[in-house]
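One structure is given below, encoded as structure tokens.
Computed from a prediction, not measured in an experiment: that's the story for all the values here.
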Amino acid sequence: MSTTTYRLGVLEGDGIGPEIVPASVEIATAAARAAGVSLEWVTLPLGASAIETHGTPVPDETQQALAGLDGWFLGPHDSVSYPEPHRSALNPSGTLRKHFQLFANIRPAKSFPGAKAVCDSADLVIVRENTEGFYADRNTVAGTGEFSPVEGVAIAMGIITRAATERVARVAFDLARSRRKKLTIVHKANVLKLTTGLFRTVCQEVAQEYPDVTVDDFHIDAMTVHLVRRAQDFDVIVTENMFGDILSDLAGEISGSLGTAPSINASADTAMAQASHGSAPDIAGQNTANPVAMILSGAMLLQWLGARHGDPALVSAAQIIERGVADTIAAGTSTRDLGGGASTTEFTAAVIKTVAGRS
């Protein structure tokens with residue numbers, strides 16, 4: 001039984017967000033009740049609906065409110081459909097990651113019994129550095145890291161720093177130490193010698209602090225092949241921003257579906273749960289979306305908060321969610337992308353029933 005009430009934000013976002021985020025909140029509430037944890041939910045505006053009501057997809061009041069919460073659930077956004085100037089601006093996810101310096105994007109890929117996984121025994125985590133690299137909208141203090149000096153020529157800056165690499169490397173090594181004690185560094189140091197070469201070197205230096213963790217490294221192009229052929233051999237993978245984005249989508253598909261790929265974005269003192277997939281506007285409002293990635297992202301947030309606050313009841317709630325989802329899928333209830341026929345609400349109800357049975 002936890003004696004603390006944790007206050008969590010709810011930002012539904014766009015597309016299927018208003019379907020999958022409430023599903024994850026319902027299941028987190030049921031698991032928290034089963035584990036003896038008190039959660040308070042704070043719903044805040046974000047996305048297309050916030051443009052209509054506040055004139056911006058990420059209102060100042062939303063950011064101010066989030067600063068006072070323990071963490072939050074962030075739904076997907078459909079920023080390409082926003083009117084200008086919002087379409088060309090930093091998207092809501094990037095805005096929050098940058099504002100709160102959420103430097104570590106942690107993305108597990110674990111196969112589910114009953115799901116159509118390419119690798120039935122995949123169980124790995126990709127730790128992606130979230131503030132640097134070639135993603136220009138997070139690289140510079142003002143303006144953009146992409147520019148065009150003359151017509152027909154475009155240039156992007158890829159920024160890697162020792163400080164940012166050290167902090168994400170320690171997150172990855174700490175995670176590896178808590179799992180199977182294996183860590184893989186992914187880079188392109190044979191070509192991008194100064195930037196990703198620095199990333200590899202700094203990670204190898206940090207490895208000296210973790211003699212109990214076995215370390216190897218691969219070029220990004222080779223790593224895509226290794227993931228497809230032998231995903232089960234990998235434990236924790238640490239890499240820079242763009243490589244991590246690509247590899248985590250690949251790993252999500254290998255383990256069953258992007259619809260099952262969760263993630264959190266974390267700093268040293270706050271975190272947000274965010275599914276790895278997009279807003280899927282083509283199926284929005286049809287009650288067919290797979291909520292698993294968002295549900296498991298919520299579990300990851302509870303796990304992270306439990307570790308940060310030393311609260312075993314929160315950790316227990318996270319484990320109840322994970323087992324509830326896995327047991328529901330293994331029992332034959334899943335959404336269409338996993339080969340089943342359940343709607344979003346039917347799948348959610350089945351997981352809640354499983355979770356409630358653990359109380």
Side-chain angles (χ1 to χ4, degrees), residues 5-35 37-53 57-59 62 65-66 69-78 92-93 96 257-265 271-302 305 317-318 320-322 324-325 328-329 333-338 340 342-356:
T5 296
Y6 297 92
R7 302 180 69 240
L8 302 177
V10 179
L11 302 97
E12 293 187 351
D14 307 319
I16 60 174
E19 298 167 75
I20 64 172
V21 172
S24 65
V25 168
E26 285 185 61
I27 290 169
T29 299
R33 186 180 302 114
V37 176
S38 176
L39 300 180
E40 178 184 338
W41 301 99
V42 180
T43 301
L44 297 165
L46 179 129
S49 61
I51 295 175
E52 296 179 3
T53 58
V58 188
T62 293
L66 291 175
L69 301 178
D70 294 299
W72 57 90
F73 286 21
L74 174 68
H77 54 75
D78 183 21
S93 173
L96 294 179
S257 164
L258 270 180
T260 67
S263 77
I264 61 168
N265 298 273
M272 72 179 182
Q274 179 185 19
S276 297
H277 59 69
S279 63
D282 56 319
I283 60 169
Q286 298 178 24
N287 196 28
T288 59
N290 184 354
V292 167
M294 193 67 233
I295 294 166
L296 294 180
S297 297
M300 287 183 68
L301 177 59
L302 297 187
L305 286 170
I320 289 171
I321 294 172
E322 291 170 355
V325 170
T328 300
I329 294 174
T333 300
S334 61
T335 48
R336 288 188 311 188
D337 60 315
L338 298 182
S343 66
T344 308
T345 52
E346 288 169 344
F347 180 79
T348 301
V351 175
I352 290 174
K353 184 177 180 180
T354 302
V355 164

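- Residues Val21 and Leu11 form no side-chain contact, since every pair of their non-hydrogen atoms from C-beta on lies 4.5 Å or further apart.
- In this structure the side chain of Leu96 never reaches within 4.5 angstrom of the side chain of Asn265, judged on heavy atoms.
- Between the side chains of Thr348 and Glu26, not a single donor N or O lies within less than 3.5 Å of an accepting N or O.
- A side-chain donor-acceptor contact under 3.5 Å links Ser297 to the backbone of Ser263.
- Taken from CD in Gln274 to CE in Met300, the straight-line distance is 11.5 Å, to the nearest 0.5 Å.
- Side chain to side chain, Asp14 and Ser279 fail the donor-acceptor criterion of an N or O pair below 3.5 Å.
- Residues Pro59 and Thr53 form no side-chain contact, since every pair of their non-hydrogen atoms from C-beta on lies 4.5 Å or further apart.
- Across Ala289 and Ile283, no two heavy atoms sit closer than the pair CA-CD1, 4.0 Å.
- Residue His77 comes nearest to Pro92 through the heavy atom pair CG-CD, 3.8 Å, listed as atom of the first residue, atom of the second, then distance.
- Asn290 contributes atom CG, which lies 5.0 Å from atom CG of Leu338 (distance to the nearest 0.5 angstrom).
- Residue Leu305 comes nearest to Asp70 through the heavy atom pair CD2-O, 3.4 Å, listed as atom of the first residue, atom of the second, then distance.
- To the nearest 0.5 Å, the span separating OG1 on Thr62 from CG on Leu44 amounts to 5.0 Å.
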Problem set entry | Stepwise side-chain contact (heavy atoms from CB on, under 4.5 Å) test for Glu322 and Leu296 | CA-CA 7 Å; Glu322 291 170 355; Leu296 294 180; 4.2 Å; yes
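- Distance CG/Leu74 to CG/Leu301: 11.5 Å, rounded to 0.5 Å.
- Side chain of Thr335 to backbone of Thr288: no donor-acceptor contact under 3.5 angstrom is found.
- Ile264 contributes atom CD1, which lies 11.0 Å from atom CZ of Phe73 (distance to the nearest 0.5 angstrom).
- Between Arg7 and Val42, the shortest heavy-atom distance links the atoms NH2-CG2, 3.7 Å.
- The backbone N or O of Asn287 sits less than 3.5 Å from a side-chain atom of Glu19, completing a donor-acceptor pair.
- Val292 is listed as a side-chain neighbour of Phe347, based on a closest heavy-atom distance under 4.5 Å.
- Contact of the Leu66 side chain with the Met272 side chain is not registered, since no non-hydrogen atoms from C-beta on lie closer than 4.5 Å.
- Summarising the geometry, atom OG1 belonging to Thr43 is positioned 11.0 Å from atom CG belonging to Leu8; distances are rounded to the nearest 0.5 Å.
- Ala28 and Leu39 make their closest contact through O-CD1, 3.9 Å (heavy atoms, listed as atom of the first residue, atom of the second, distance).
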Exercise. How far apart are the C-alpha atoms of Ile20 and His277, what are their side-chain angles, what is the distance that settles it, and do they pass the side-chain contact (heavy atoms from CB on, under 4.5 Å) test?
Worked result: CA-CA 12 Å; Ile20 64 172; His277 59 69; 3.6 Å; yes
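- Closest heavy-atom contact between Ser276 and Pro262: OG-O, 3.5 Å.
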